[in-house]
Amino acid sequence: MRTPVSDFIERYAKSGISRFHMPGHKGKSLLGIEKYDITEIDGADVLSTAEGIIGESEKNLTSLYGSGKSFYITEGSTTAICAMLAMIKKTDGEKTHILAARNVHKAFVHGIALLDIEADWLMPKESNGILSCRVEKSEVEALLSSSDGKYSAVYLTSPDYLGQMADIKGISEVCHKYGIPLLVDNAHGAYLKFLDESIHPIDLGADICCDSAHKTLPVLTGGAYLHISDKAKEFIDTAREKIALFSSTSPSYLIMKSMDICNRYLSESFRKELAKTVERVNAIKSFLSEKGFEVYESEPLKIVINAAKSGYSGKELSEMMRCAKMEAEFSDDDYLVLMISPKNTKRDFSRLKKFFGKTEIKAEIKRDFKPLPYPVREMSVREATFKKSEVTKTKDATGKICASVTVSCPPAVPVVISGERITKEVAEALLYYGIDEIKTVIG
Ligand SMILES: Cc1ncc(COP(=O)(O)O)c(C=O)c1O
């Protein structure tokens with residue numbers, strides 16, 4: 001596979017040309033990589049139109065994913081999520097409504113605030129926290145059949161932070177029966193296309209999805225894809241202008257170079273390396289289960305341990321791992337989440353095995369998270385987001401209205417969303433997640 005963006009930058013870096021253009025570093029080193037950091041000079045194409053080398057590289061990406069069209073984004077899935085929402089916003093001035101599984105990333109909440117979209121929520125039924133939200137196809141069917149065409153799209157996050165996968169196939173069939181698209185936040189699943197059998201959202205029936213290439217592929221932070229299925233071609237023509245609404249006009253060529261070279265890697269050795277990595281991860285998961293750790297069934301490249309069940313908090317385990325020269329992706333009082341990729345080495349795996357081999361299971365720490373009741377909406381997300389607000393101690397916040405989503409990143413999944421009443425249950429849930437201050441609407 002050709003790597004036109006990378007080749008152009010390499011040639012330019014070696015050319016000795018005097019740079020009378022941005023960026024101000026002129027290719028000279030403070031960091032060591034500046035020579036590759038160029039701008040949209042002659043021959044370098046323009047990401048927002050992509051008719052030259054970037055266009056060619058995006059065609060490579062499109063063929064790798066078998067989509068109708070795949071686009072590069074250099075500001076993460078955060079921008080891709082806003083662009084997806086802009087694509088389904090009604091054009092006739094009528095209010096747009098979307099039906100979304102509640103475990104959205106905060107980018108979704110910011111997107112609907114900026115675009116003035118209203119969301120109705122599919123709430124989690126299980127009491128295992130806010131990070132996952134299992135949605136049954138029948139639930140979506142029941143809501144769509146009784147909503148009289150209210151919704152412009154359904155939105156799912158899959159895989160979620162705990163590696164849970166949604167029933168994209170089933171739910172996309174329901175969406176299509178009611179003539180609306182399924183949007184998927186696949187930030188954690190760019191690699192899913194390259195498993196022995198693809199379980200990438202586009203192959204399962206999603207119409208539009210975003211992948212954070214940087215989360216699971218060897219791509220620089222910020223690199224993301226927006227894919228449109230070939231069954232949803234009506235979204236292709238306006239996609240670039242919607243992406244541009246939320247993007248910088250100075251996209252990073254370093255990130256595009258990295259995505260361009262990654263295409264070649266995906267087309268060559270990645271599948272084989274991925275299959276081997278999945279085997280290694282499965283072996284570690286079995287080892288952990290045999291030791292007595294409760295390992296969540298999850299997407300292939302995550303290891304999710306219910307730490308509390310083994311007598312630890314997730315944070316305690318991650319601190320212990322840090323002392324053994326390992327850094328986890330995420331931990332809270334309940335869970336420890338590890339993200340693996342083919343770039344993890346044999347040494348990484350043996351450190352993991354040695355560490356958990358020595359870690360004894362203790363008596364379960366009882367945790368009690370009650371599923372949240374359906375949220376009480378007092379004003380729109382947009383109205384609350386842009387109203388005057390103040391910081392309130394969570395213990396004093398009962399009865400007030402949430403102004404902005406207060407969540408740490410990761411996992412950036414909100415307990416309460418702008419415009420919702422902070423009930424006693426919500427305040428308890430915020431405290432459960434260690435959020436002791438929240439922005440509330442004044443007046
Ligand atoms: C589920 C989910 N969606 C979206 C995002 C945003 O992705 P990015 O960091 O690529 O902007 C994240 C980031 O952590 C995420 O976990």
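Counting starts at 1 for both ligands and their atoms, following the listed order. Just so you know, these numbers come straight off a predicted model, no measurement behind them. For reference, positions follow the sequence shown, starting with 1.
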Counting only nitrogen or oxygen atoms and a 3.5 angstrom limit, does [X] reach ligand 1?
{"X": "Ser77", "result": "yes"}
{"X": "Thr78", "result": "yes"}
{"X": "Ser212", "result": "yes"}

Basic-acidic side-chain contact under 4.0 Å: Lys439, Glu390: no
Residue that, paired with Glu118, satisfies salt bridge (charged side-chain N to carboxylate O under 4.0 Å, His left out) out of Lys90, Arg382, Arg377: Arg377
Pairing donors with acceptors under 3.5 angstrom, does anything connect the side chains of Asn263 and Asn60?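 Side chains of Asn263 and Asn60: no pair found under 3.5 Å.
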Answer with yes or no whether the side chains of Ser341 and Tyr191 bring together a donor and an acceptor at under 3.5 Å. no
Proximity of Thr79 to ligand 1 by residue part, where a heavy atom lies under 4.0 Å: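 Answer for Thr79: neither.
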Under 4.0 Å, heavy atoms only, figure out whether ligand 1 is touched by the backbone of Ile81, its side chain, both or neither.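 For Ile81, the contact with ligand 1 is made by the side chain alone.
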Atom indices of ligand 1 within 4.0 angstrom of [X] heavy atoms, with elements:
{"X": "Thr157", "answer": "1 (C)"}
{"X": "Tyr161", "answer": "16 (O)"}
{"X": "Ala187", "answer": "2 (C), 3 (N), 4 (C)"}
{"X": "His214", "answer": "8 (P), 9 (O), 10 (O)"}

Between Tyr225 and Phe71, does the ring centroid distance fall short of 6.0 Å? no
Aromatic contact, Phe108 with Tyr155 (centres under 6.0 Å): yes
Any side-chain heavy-atom pair from Met339 and His188 closer than 4.5 angstrom? yes
